2 protein chains.
Amino acid sequence: MTGKPRDGGRKGFTDRELDIMSVLWREGSGTVAEVRDALDGDVGYTTVLKMLQILEEKGAVGHEREGRAYRYVPLVASASAGGRALRRIVNKIFHGSAEMLLATLVEDRDFSDEEIKRMRSVLDRAERGRGEK
Amino acid sequence: MTGKPRDGGRKGFTDRELDIMSVLWREGSGTVAEVRDALDGDVGYTTVLKMLQILEEKGAVGHEREGRAYRYVPLVASASAGGRALRRIVNKIFHGSAEMLLATLVEDRDFSDEEIKRMRSVLDRAERGRGEK
DNA sequence: CCGTTGCTACGAAGGTTATCGTTGACACCG
DNA sequence: CGGTGTCAACGATAACCTTCGTAGCAACGG
């Protein structure tokens with residue numbers, strides 16, 4: 001493992017960085033070639049490598065040697081990045097209203113009954129689970 | 001009004017751009033000086049002007065003369081920007097699961113009973129309102 | 001042993017973001 | 001009229017994102 005953070009991962013990810021983090025979160029880890037294959041369009045090998053090096057400088061990923069190649073692993077959890085991103089959106093776009101955020105979300109996509117049910121139970125759990133810890 | 005779009009506002013906003021759009025969405029419109037006053041830290045007048053000009057180039061805002069100054073108005077609705085941002089997050093960070101997004105949201109903040117209730121009714125409305133249009 | 005292949009490292013190019021300094025226009029005050 | 005304050009326009013700057021080309025290294029096949 002290497003990598004001294006430059007900005008500690010405080011800020012959100014850029015588009016390309018997010019593409020790459022998304023792959024690592026989904027797969028758990030990846031070599032440069034694996035990440036590259038998992039990306040949509042065709043991106044140069046060195047481009048992916050560079051992005052991973054930048055992400056490492058920021059402390060978002062780490063790497064360990066695997067044979068001749070490096071295997072990169074995310075050091076920032078997706079939930080943590082998601083929380084930061086959601087906070088930003090709810091504050092700047094929805095003026096602090098989570099209700100508006102949710103309304104926009106469900107208006108934007110057609111959720112199945114199943115999905116709505118599960119979302120409702122997320123709210124139930126939040127309500128019940130409060131006041132304990 | 002002026003402003004031919006350069007990228008049509010397809011992409012999301014950067015941090016600073018979002019700060020400024022947030023003010024315009026909240027207030028409805030604003031001159032350079034008004035926007036500047038509404039921003040948190042002290043930002044230079046010309047900086048705010050420049051950002052508004054960039055946003056105008058992108059088609060996100062327009063302006064009309066008001067006395068000697070320009071009054072800027074948002075051309076992109078906050079719900080539209082919010083929808084785009086949420087889609088990006090749910091896809092890249094939560095792998096398409098709105099349920100995970102919602103779980104992260106409610107874990108991150110302590111919502112009141114009132115807020116939870118309103119969010120639940122947003123889901124109810126979504127369920128009932130489906131299949132018609 | 002030598003060429004090929006699969007890697008990482010380095011650094012540069014082009015575009016964007018974010019910050020202003022400076023200039024010039026215009027109007028108001030005294 | 002002449003100074004002062006408010007405003008937009010322009011250009012400069014520094015940092016950062018994103019893309020690679022090129023080079024160098026190490027292992028493997030023949």
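This one's a predicted model, so the numbers in the text were calculated from it and none came from an experiment. Below, chain A is the first sequence line, B the second, and so on; all start at residue 1.
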For atom [atom1] of [X] and atom [atom2] of [N], their distance in whole Å:
X: A/Ile54; N: C/dT8; atom1: CD1; atom2: P; result: 15 Å
X: A/Glu57; N: D/dT18; atom1: CD; atom2: P; result: 14 Å
X: A/Lys50; N: C/dC7; atom1: NZ; atom2: P; result: 19 Å
X: A/Tyr70; N: C/dG6; atom1: OH; atom2: P; result: 18 Å
X: A/Leu49; N: C/dG11; atom1: CG; atom2: C1'; result: 13 Å
X: A/Asp42; N: D/dC20; atom1: CG; atom2: P; result: 8 Å
X: A/Leu55; N: D/dC17; atom1: CG; atom2: C1'; result: 11 Å
X: B/Leu39; N: C/dC20; atom1: CG; atom2: P; result: 12 Å

From the candidates C/dA18, D/dC17, C/dC20, the one with an atom nearest any side-chain atom of A/Lys58 is D/dC17

Among D/dC20, D/dA8, C/dC7, which nucleotide has an atom closest to any side-chain atom of A/Thr46? D/dC20

For D/dA9, does OP1 or OP2 lie under 4.0 Å from any side-chain N or O of B/Gln53? yes

Between B/Arg68 and A/Ala69, just flag the one whose closest nucleotide in DNA chain C comes earlier from the 5' side. A/Ala69

Are any of the side-chain nitrogens in A/Arg120 or B/Asp124 under 4.0 Å away from the carboxylate oxygens of its partner? yes

Within the 4.0 Å heavy-atom criterion, would you say B/Thr14 contacts the bases, only the backbone, or no part of the nucleic acid? sugar-phosphate

Which class fits the ring pair A/His63 and A/Tyr70: parallel under 30°, tilted 30 to 60°, perpendicular over 60°? parallel

I would like to know whether B/Lys117 and A/Glu127 meet salt bridge (Lys or Arg N to Asp or Glu O under 4.0 Å); could you show each step before the answer? CA-CA 9 Å; B/Lys117 206 171 79 179; A/Glu127 202 166 37; over 6 Å; no

Exactly one of A/Glu27, A/Glu64, A/Glu34 should register a salt bridge (Lys or Arg N to Asp or Glu O under 4.0 Å) with A/Arg71. Which one does? A/Glu34

